[in-house]
Amino acid sequence: MLKITGLHAYYGSVEALKGIDINIAAGAITCLIGSNGAGKTTLLKSVSGMIKRTGSIVFNGHDELIKENPTRIAHKAIVHVPEGRHIFPGLTVEENLEVGTIAWHGFFGRKPYEVEMRSVFDLFPRLEERRKQLGWSLSGGEQQMLAIGRALMARPRLLMLDEPSMGLAPVIISDLFKKIVEINKSVGIPILLVEQNARLALEISDFAYVIDQGRVTISGPGKDLRTDPRVQEAYLGRFARKD
Ligand SMILES: Nc1ncnc2c1ncn2[C@@H]1O[C@H](COP(=O)(O)OP(=O)(O)O)[C@@H](O)[C@H]1O
Ligand SMILES: [Mg+2]
């Protein structure tokens, strides 16, 4: 459903992506792992149009995104949850969720988004309990739920998550990853997941790519990469499980 070929991306004269080929299958969880500075965030920015890039990014078989701007790409329901969450601290949980509907509903008028909000609250009951609280008062885990909930309000056809586990405690991360699987399995939303936590990411991914210095170095089904000695050595640490 998303086919990236020969993708290069640039910060000024610095080339951060050096010819990347990636395929995202409909209904699957695809993950990108790799060290800090490898180019994972840059790849998500390339898809959502936030950086100068060349090559080809084809959505749903015929829709070339490479010349499109971020607004037009957002209107195609390609939704990017950036690194560091970026919820609105001065808005309530409900208001933050409402912002997610702008891409399909616009700014004004009565918004018929009860169905979307209900399903976000069913997925994250904690957000319903806190619906009138301001964004800043939420814990880190709740803010990440809110950032993902806001993305779901946009009725995504592709959901891109950049380091959702960043700064969260292990028990919170494990709950959050279960929710990510639930989003993918129950509604079938394809997910492109970027993670430093390679072990967890590979566990829930159908297919995975290792990015190193702006290039794809290894790719394959998540379960194969978990047992790949090159991946274990470089990204899973020396005590990696061998199963
Ligand atoms: N705003 C920027 N300006 C210049 N260089 C950047 C900028 N953001 C990232 N880079 C560089 O691009 C490369 C890839 O960064 P990034 O995509 O953020 O990596 P990752 O998400 O894998 O940690 C790095 O070498 C980084 O230094
Ligand atoms: Mg990053």
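We're numbering straight along the sequence, starting at 1. Order of appearance sets the numbers: ligands from 1, and atoms from 1 within every ligand. What you see below is based on every heavy atom in this structure, not just the backbone, and it leaves out hydrogens, waters and symmetry mates.
- The OG atom of S137 sits 8.5 Å away from the CD atom of Q143 when rounded to the nearest 0.5 Å.
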Below 3.5 Å only, please: the N or O atoms of ligand 1 paired with protein N or O atoms, distance on each line.
unit_1	atom_1	unit_2	atom_2	d
ligand 1	17 (O)	T41	N	3.4
ligand 1	17 (O)	T42	N	2.9
ligand 1	17 (O)	T42	OG1	2.5
ligand 1	19 (O)	G39	N	3.2
ligand 1	21 (O)	T41	N	2.9
ligand 1	21 (O)	T41	OG1	2.8
ligand 1	22 (O)	A38	N	3.2
ligand 1	22 (O)	G39	N	2.9
ligand 1	22 (O)	K40	N	2.9
ligand 1	22 (O)	K40	NZ	2.8
ligand 1	23 (O)	N36	OD1	3.3
ligand 1	23 (O)	G37	N	2.7

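- The hydrophobic clustering, which links ILVMFWY residues whose side-chain heavy atoms are closer than 4.5 Å, places I20 and I78 together.
- For the residue pair P156 and V79, the shortest heavy atom distance occurs at CB-CG2, 3.8 Å.
- Electrostatic pairing of D122 and R118 counts as a salt bridge here, judged by a charged N lying under 4.0 Å from a carboxylate O.
- Look at E128 and R131 and you find a salt bridge, because one of the NZ, NE, NH1 or NH2 atoms lies within 4.0 Å of a carboxylate O, short of that distance.
- Residue side and main chain included, N36 places no N/O/S atom under 2.8 Å of the Mg ion (ligand 2).
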Run Q196 and S165 through side-chain hydrogen bond (donor to acceptor under 3.5 Å, both in side chains) and show every step you take.
CA-CA 8 Å; Q196 287 259 354; S165 77; over 6 Å; no

